[in-house]
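Notes to accompany the following structure.
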Amino acid sequence: MDFPFLFHMVDGDMKTALYPGTFDPVTNGHLDVLSRATRLFERVIVAVSDENSSKRTAFDTPTRVSLVEENLGPFSNASVEAFDGLLVDYARKRGATVLVRGLRAVSDFEYEFQMAQMNRHLDPELETIFLMPNEKYFYTSSQLIKQVHLYGNRETDDLVPPNVLEALRGLSRRENN
Ligand code: PNS
């Protein structure tokens with residue numbers, strides 16, 4: 001039995017990680033996971049999905065990318081890009097050997113497990129690792145934050161960075177007009 005993942009680690013091959021997602025919009029939970037990833041890998045690319053066909057996003061792709069980019073100040077080894085097509089192809093193009101995903105409650109598991117298995121099937125060399133955010137973000141999701149905001153509640157304001165808060169206010173104004 002061999003353990004290619006461990007050999008990659010010993011060879012120092014795990015330099016670039018991708019942190020993919022929809023980031024609609026980025027939350028403090030995402031940034032918490034990103035900060036953990038930047039301590040583990042030499043380079044972390046936040047990969048913002050541009051697949052508009054299957055999911056209708058509240059923010060367009062350039063906005064979702066900017067909202068992440070404006071929060072990269074503390075992470076000198078992180079960058080952000082939009083991607084389309086299959087994640088495994090994009091990872092190969094960028095020389096990434098690891099996918100980082102955040103795992104919060106058990107409810108995330110089924111979806112994440114399916115995705116990790118499919119990506120492994122498509123590219124057995126690409127390893128998915130799961131990082132747990134600080135427990136204060138266990139119930140933070142972009143989806144819920146958008147919903148709560150739309151109804152004018154501000155209880156979630158500490159769960160997103162200031163630029164996202166501003167963008168959410170703009171969104172609520174548009175939706176309510
Ligand atoms: O933040 P999300 O919405 O959970 O992220 C999902 C994402 C963007 C990582 C996933 O939909 C994805 O990888 N899309 C790219 C297309 C692809 O490779 N699909 C097969 C993955 S199993």
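By convention here, the first residue in the shown sequence is residue 1. The analysis underlying the following values was restricted to heavy atoms, covering all of them including side chains, and did not include hydrogens, waters or symmetry mates. In listed order, ligands and their atoms are each counted from 1.
Heavy-atom proximity to Phe83, at under 4.0 Å, picks out these atoms of ligand 1: 15 (C). Close contacts between ligand 1 and Met118 involve ligand atoms 22 (S) [criterion: under 4.0 Å to a heavy atom]. Within ligand 1, the atoms closer than 4.0 Å to a non-hydrogen atom of Leu87 are 13 (O), 17 (C), 18 (O), numbered from 1 in the order shown. Atoms of ligand 1 lying under 4.0 Å from any heavy atom of Ser49, numbered from 1 in the order shown and given with element: 8 (C).
Here's the thing with Met115: none of its N/O atoms is less than 3.5 angstrom from an N/O atom of ligand 1. Remark: ligand 1 and Arg101 share an N or O pair separated by less than 3.5 Å (distance only, no angle test).
Salt bridge status for Arg36 with Asp32: present, with a side-chain N to carboxylate O gap under 4.0 Å. For the pair Arg94 and Glu81, the salt-bridge criterion is met [side-chain N within less than 4.0 Å of a carboxylate O]. Ion pairing of Lys146 with Asp24 is present here, as a side-chain N (NZ or NE/NH1/NH2) and a carboxylate O approach within less than 4.0 Å. Using a cutoff of 4.0 Å between basic side-chain nitrogens and carboxylate oxygens, Arg120 and Glu127 are scored as salt-bridged.
Here Glu51 has side-chain heavy atoms under 4.0 Å from ligand 1, and that is the only part of it that gets that close. Contacts between Asn119 and ligand 1 below 4.0 angstrom, taking non-hydrogen atoms only, involve the side chain exclusively.
Within the 4.0 Å heavy-atom shell around ligand 1 one finds Gly85. Remark: distances from the non-hydrogen atoms of Tyr111 to ligand 1 include one below 4.0 Å.
The distance from the CD atom of Glu112 to the CG atom of Leu103 is 6.0 Å, given to the nearest 0.5 Å. Thr63 OG1 to Glu69 CD: the interatomic distance, rounded to the nearest 0.5 Å, is 12.0 Å.
No side-chain donor-acceptor contact under 3.5 Å links Asp123 to the backbone of Val88.
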